[in-house]
2 protein chains.
Amino acid sequence: MSAAAARPVAERPAIFDHPPVDPRVEALVNEVIGRVADKWTMIVLDVLAEHGEQRFTRLAALSGGVSQKMLTQTLRQMERDGLVVRTVHPVVPPKVEYRLTDMGFSLAEAFCGVWTWAEAHLARIETARAAFDAAKAG
Amino acid sequence: MSAAAARPVAERPAIFDHPPVDPRVEALVNEVIGRVADKWTMIVLDVLAEHGEQRFTRLAALSGGVSQKMLTQTLRQMERDGLVVRTVHPVVPPKVEYRLTDMGFSLAEAFCGVWTWAEAHLARIETARAAFDAAKAG
DNA sequence: CTGAATCCCCTAGGATACTG
DNA sequence: CAGTATCCTAGGGGATTCAG
């Protein structure tokens, strides 16, 4: 896994402390992962990748149970990170549309594997959980 | 993106409410994504995929700044979901080792694309943020 | 319609201390 | 060494209201 470069801790005594990596890079990777790997970002990414440019309300409907607060928040972050473009049409009532940038699309592609994995392994996860819980109880 | 099957909202009026999908599947996919896409799960997955079976303390050191509480929690969830195997060696002092299952490995592979993406786009994200913040301020 | 702002609850998650 | 248990706080995130 190529991300090793970001946390190349390599060989060190098993001390329980923070790693020796450039704290700069470390922090940034963590931040990016923490941001980008969040549930709503993934879903918005997926929706926009599949359905193309969408306006706010429609995006909310397509995203299954997101609150408007979280959707706004997520979209702002994604806009700031250069993942989506926000287009305001100066009409009344207001019309605002969101679409993925090239970078956004590339991230959506990167996440594609995770989506397919989740679909493919839902059943096995449920089984594993049941087994684990049973073993724990019995 | 194949996850469409899980949230096939298709064509519906732009009403802001919960989608028409099987709430069962919907909830499960969201749960799995929410669990599996979390930061520490991704990191532990990455570390175990790269360094192979590791014991608790070493795993903590390799994971860069995780608290032992979060690490324990993450490992328990992953064990329950069948992503890792926990092996207790009956010696003193205690020795417990964790390794990925086949399913764990497959998930690690699925996340590989996201890691490489994050690495490759760190600089562009920083630039985008700076630009966004500048525009907002100016 | 889009979204900012406010209120508020609740849990994620850190620090610390204690066991086997 | 590998946890579990406890305490505690910042912030995630829902509901509601207001504005352009």
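Proteins come first, then strands; the chains are lettered A, B, ... in the order of their sequence lines, and each starts at number 1. Because the structure is a prediction, the values reported are computed rather than measured.
With contacts defined as side-chain heavy-atom distances shorter than 4.5 Å, the pair A:F56/A:L71 qualifies.
For the pair A:P94 and A:T72, nearest-nucleotide mapping onto DNA chain C gives the more 5' position to A:P94.
Taking a 4.0 Å limit (strictly below) on heavy-atom distances, residues 76-90 of chain B reaches DNA chain D at B:R76, B:R86.
Listed by first and then second residue, the side chain to side chain donor-acceptor pair (under 3.5 Å) pairs involving residues 83-97 of chain A are A:R86-A:Y98 (not counting sequence neighbours).
Ranking D:dA2, D:dG20, D:dC1 by closeness to the B:T57 side chain, first place goes to D:dA2.
Not counting sequence neighbours, B:T101 has no partner by the side-chain hydrogen bond (donor to acceptor under 3.5 Å, both in side chains) test. By the side-chain hydrogen bond (donor to acceptor under 3.5 Å, both in side chains) test, B:S106 is found to be paired with A:W117, residues two or more places apart in sequence or in another chain being considered. Scanning for side chain to side chain contact (heavy atoms under 4.5 Å, CB included) contacts around B:A37 gives A:M42, B:I33, B:F111, with sequence neighbours left out. Qualifying side-chain hydrogen bond (donor to acceptor under 3.5 Å, both in side chains) partners for A:R55, counting only residues two or more places apart in sequence or in other chains: none.
Rounded to whole angstrom, the span from the CG atom of A:L75 across to the P atom of C:dA4 amounts to 10 Å. When rounded to the nearest whole Å, the span between CD of A:E97 and C1' of C:dC1 equals 12 Å. In this entry the distance linking CZ of B:F56 with C1' of C:dG20 reads 15 Å, nearest Å.
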Any protein N or O atoms within reach of nucleotides 11-16 of chain D? Criterion: under 3.5 Å, listing atom names and distances.
residue : atom : partner : partner atom : Å
D:dG13  : N7   : A:K69   : NZ           : 2.7
D:dG13  : O6   : A:K69   : NZ           : 3.4
D:dG14  : OP2  : A:S67   : OG           : 2.6
D:dG14  : O6   : A:K69   : NZ           : 2.5

message: Pair B:L59, B:V47 - check side-chain contact (heavy atoms from CB on, under 4.5 Å), show working.
response: CA-CA 7 Å; B:L59 196 43; B:V47 169; 3.6 Å; yes
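Using a 4.0 Å cut-off, no side-chain N or O of A:R55 falls inside it from OP1 or OP2 of C:dC1. In this model, the phosphate group of C:dG3 is approached by a side-chain N or O of A:Y98 to a distance below 4.0 Å at OP1 or OP2.
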Please list every donor-acceptor pair under 3.5 Å in which a side-chain atom of residues 73-80 of chain A meets a protein atom from a residue at least two apart or in another chain.
residue : atom : partner : partner atom : Å
A:T74   : OG1  : A:M70   : O            : 2.7
A:R80   : NH1  : B:D133  : OD1          : 2.9
A:R80   : NH1  : B:D133  : OD2          : 2.5

